[in-house]
Amino acid sequence: MASSSAVTGTPEEAGIDSERLEAVFARVRRDVDDGVLPSAQVAVARHGRLAGMRTFGQAVQGGEVKPATDDTLYTIFSSTKAIVAAAVWTLFEDGLLRLDERVAEIVPEFGTNGKEGITVEQVMLHVGGFPRAPLGHPAWAGKDERLKAFGAWRLNWEPGTRFEYHASSAHWVLVEIIERRTGDDFRAYLRRRLIEPMGLTNLHIGLPRGLHNRVAEVRYMQPPIAPPEGSEVTSDWILGFNQPDVQQIGVPGAGGIGTAASLALFYQPLIHGGVTDDGTRIMKAETIEWATRVRTLDFHRDPLLDVPVNRALAVVVAGDDGNMNMRGFGREASARAFGHGGAGGQIGWGDPVTGISLGYCTNGFVDPLVSGRRVSAVGSLAARCAVG
């Protein structure tokens, strides 16, 4: 598979209608031209290759205002979760982990304050009961500090009884499981097992120091809305990802950095039987099908949108209940499309039925209703691009 920094072939070679692809680009450009966003980047892929990519606007990069280009990197926030999810799927495939295992049996430091019975599956489905468990900068940076926090965490509600989005706590637990079961630093494992075999040179979980001047600085385009009570996702938390030392950590629930192309291309092998365009096998098709099966129940509903959350193993599935647009897929994807969006309106998903995958990044934060409408529009337009 080609590097995510290059456009591979033509839209026609990728099985993409060029006029419909231009409609995607026009919709993304509109928000920049209208001053809604400072910059935005979008990419559509199919048949294992990049069909097209465009970047619009300007962004502060390395302390200077520069034109945003296809080489500009963006913080992808919770779209990072799907990358960590896929790494955990490889543990299942390799026989290193089971869904029904209790986290405390793998990470004894976690087994305190009523958390002893929480399973790996409950963590991956965001039903583990510790969504507001505190952990932030600078404790993020040190393993000892993270383990100490695990021990201090208390339940917000009984595990398994409800869904509530775990913005970062669950994924710190997942990467600790990766480290315990593989013996690797989680960032190194992600690179070795996924990112490098996929050829994604512009996707980073833990950004090398020399690349910080390519990252678009996050900006609030209007006064931020207060988060729900107890949420760690405050405006200060979001803006903290502009700091080079935070970017270097690779926060597993929110700190991935890459291009829209790398995000779109990440999904291509996952929707094509686990194999890249050059024949490299990432994982078995059966593993992916198993991992992307919806496991949440009807009473596991989004507390803000009041729709079933349709969660597979740490990713979201579009579903056929008429609510896929509420889940970040627009209105035109197949029910089997899966992925994970990110704060600010980042988009990352792949559709195993049409073969299309989409990546969208921006550094501008606006009203969630505005970004939600944009996510739906861009996703719908991208899903219409397939030819044949």
| remark: Connected to Phe299, directly or through other members, by ILVMFWY side-chain contacts below 4.5 Å are Leu297
| Just wondering, do Pro252 and Ile205 contact through their side chains at under 4.5 Å, heavy atoms? | no
| task | Among His300, His171, His126, find the one that has a ring pair (Phe, Tyr, Trp, His ring centres under 6.0 Å) with Tyr165. | result | His126
| query | Would you call Tyr74 and Leu263 a side-chain contact if the rule is heavy atoms closer than 4.5 Å? | reply | no
| field | Residue pair Asn202, Ser262: steps toward the side chain to side chain donor-acceptor pair (under 3.5 Å) verdict | value | CA-CA 6 Å; Asn202 280 327; Ser262 64; over 6 Å; no
| note | Residues passing the side-chain contact (heavy atoms from CB on, under 4.5 Å) test with Lys148, sequence neighbours excluded, are none
| Qualifying residues under side-chain hydrogen bond (donor to acceptor under 3.5 Å, both in side chains), relative to Thr362, sequence neighbours excluded | none
| task | Determine whether more than 12 heavy atoms belonging to other residues, nucleotides or ligands lie under 6.0 Å from atom CZ of Arg192. | result | yes
| task | Fit a plane to each ring of Trp349 and Phe329, take the angle between them on a 0 to 90° scale, and name the class: parallel (under 30°), tilted (30 to 60°) or perpendicular (over 60°). | result | tilted
| query | Are Gln247 and Thr75 linked by a side-chain donor-acceptor pair shorter than 3.5 Å? | reply | no
| task | Tell me who clusters with Val387, hydrophobic residues only, linked when side chains sit under 4.5 Å apart either directly or through other members. | result | none
| said: Suppose we screen for side-chain hydrogen bond (donor to acceptor under 3.5 Å, both in side chains). Which residues come up paired with Trp290, at least two apart in sequence or across chains? | reply: none
| request: Measure centre to centre between the rings of Trp153 and Phe150, then say whether the value is under 6.0 Å. | output: yes
| field | Lys284 versus Thr287, side-chain donor and acceptor atoms under 3.5 Å | value | no
| In chain order, what residues pass the side-chain hydrogen bond (donor to acceptor under 3.5 Å, both in side chains) check against Arg193, with sequence neighbours excluded? | Asp94
| query | Distance from Arg49 atom CZ to Thr10 atom OG1, nearest 0.5 Å? | reply | 8.0 Å
| request: Answer yes if the ring centres of Trp140 and Phe241 are under 6.0 angstrom apart, and no otherwise. | output: yes
| task | Indicate yes or no: at least one non-hydrogen side-chain atom of Met198 is less than 4.5 angstrom from one of Leu270. | result | yes
| note | When every non-hydrogen atom of Pro108 is compared with those of Ile106, the smallest separation belongs to CD-O, 3.4 Å
| message | Please identify which of these residues, Arg214, Gln61, Gln58, meets the side chain to side chain contact (heavy atoms under 4.5 Å, CB included) condition with Thr72. | response | Gln61
| query | Any side-chain heavy atom of Val88 within less than 4.5 Å of one from Ile177? | reply | no
| So which pairs with a foot in residues 104-118 pass salt bridge (charged side-chain N to carboxylate O under 4.0 Å, His left out), sequence neighbours left out? | Glu109-Arg180
| remark: side-chain hydrogen bond (donor to acceptor under 3.5 Å, both in side chains) filter on Thr182, not counting sequence neighbours, yields none
| message | Minimum heavy-atom separation for Arg27 and Asp31, please, with both atom names. | response | NH1-OD2, 3.1 Å
| said: Set out, in order, the CA-CA distance, both residues' side-chain angles and the distance that settles side chain to side chain donor-acceptor pair (under 3.5 Å) for Asp245 and His137, then state yes or no. | reply: CA-CA 9 Å; Asp245 54 345; His137 188 62; 3.2 Å; yes
| Distance-only side-chain donor-acceptor flag, Thr234 / Asp236, under 3.5 Å | no
| task | State, yes or no, whether a side-chain contact exists between Ile178 and Leu91 at a heavy-atom distance under 4.5 Å. | result | yes
| Cluster question for you: counting only ILVMFWY and a side-chain heavy-atom cut-off of under 4.5 Å, with indirect links fine, are Ile83 and Phe92 together? | yes
| Linking I/L/V/M/F/W/Y whenever any side-chain heavy atoms sit under 4.5 Å apart, do Met324 and Phe163 land together? | no
Distance-only criterion, 3.5 Å: show the donor-acceptor pairs between side-chain atoms of residues 306-321 and protein atoms not counting sequence neighbours.
unit_1, atom_1, unit_2, atom_2, d
Asp306, OD1, Arg301, NE, 3.0
Asn310, ND2, Val317, O, 3.2
Arg311, NH1, His340, NE2, 3.2
Asp321, OD1, Asn323, N, 3.1
Asp321, OD1, Arg327, NH1, 2.9
Asp321, OD1, Arg327, NH2, 3.4
Asp321, OD2, Asn323, ND2, 3.3
Asp321, OD2, Arg327, NH2, 2.7

| About how many Å separate NE2 of His204 and CG of Leu190, when rounded to the nearest 0.5 Å? | 13.0 Å
| Would Arg54 and Glu22 pass as an ion pair if we require N to O under 4.0 Å? | yes
| query | Hey, does Gln268 have a side-chain heavy atom less than 4.5 Å from the side chain of Asp277? | reply | no
| query | Heavy atoms, side chains only, cut-off 4.5 Å: are Gln346 and Ser78 in contact? | reply | no
| request: On the 0 to 90° scale, with breaks at 30° and 60°, tag the Phe365-Tyr220 ring pair as parallel, tilted or perpendicular. | output: tilted
| request: With the side chain counted from C-beta on, respond yes when Val44 and Ile356 share a heavy-atom pair under 4.5 Å apart, and no when they do not. | output: yes
| task | Sorted by first residue and then second, give each ring pair (Phe, Tyr, Trp, His ring centres under 6.0 Å) pair with at least one member in residues 12-71; sequence neighbours left out. | result | none
| field | Closest approach of Cys385 to Leu381 (non-hydrogen atoms, all atoms of both residues) | value | SG-O, 3.5 Å
| said: Under the rule for salt bridge (charged side-chain N to carboxylate O under 4.0 Å, His left out), what residues qualify as partners of Asp34, not counting sequence neighbours? | reply: none
| field | Same cluster (ILVMFWY, side-chain, under 4.5 Å), Ile16 and Ile347 | value | yes
| If Ile, Leu, Val, Met, Phe, Trp and Tyr residues are connected whenever their side-chain heavy atoms lie under 4.5 Å apart, and connections chain through other members, are Leu37 and Leu358 in the same group? | yes
| query | Without hydrogens or angle criteria, can the side chains of Asp278 and Thr276 be said to hold a donor-acceptor pair below 3.5 Å? | reply | yes
| Side-chain donor-acceptor contact under 3.5 Å, Asp70 with Thr55 | yes
| Would the number of heavy atoms belonging to other residues, nucleotides or ligands and lying under 6.0 Å from CZ of Arg295 be above 12? | yes
| Among the clusters formed by ILVMFWY side chains lying less than 4.5 Å apart, do Val378 and Leu265 turn up in the same one? | no
| Linking Ile, Leu, Val, Met, Phe, Trp and Tyr by side-chain heavy atoms under 4.5 Å, what else ends up with Ile257? | Leu73, Leu207, Leu211, Val215
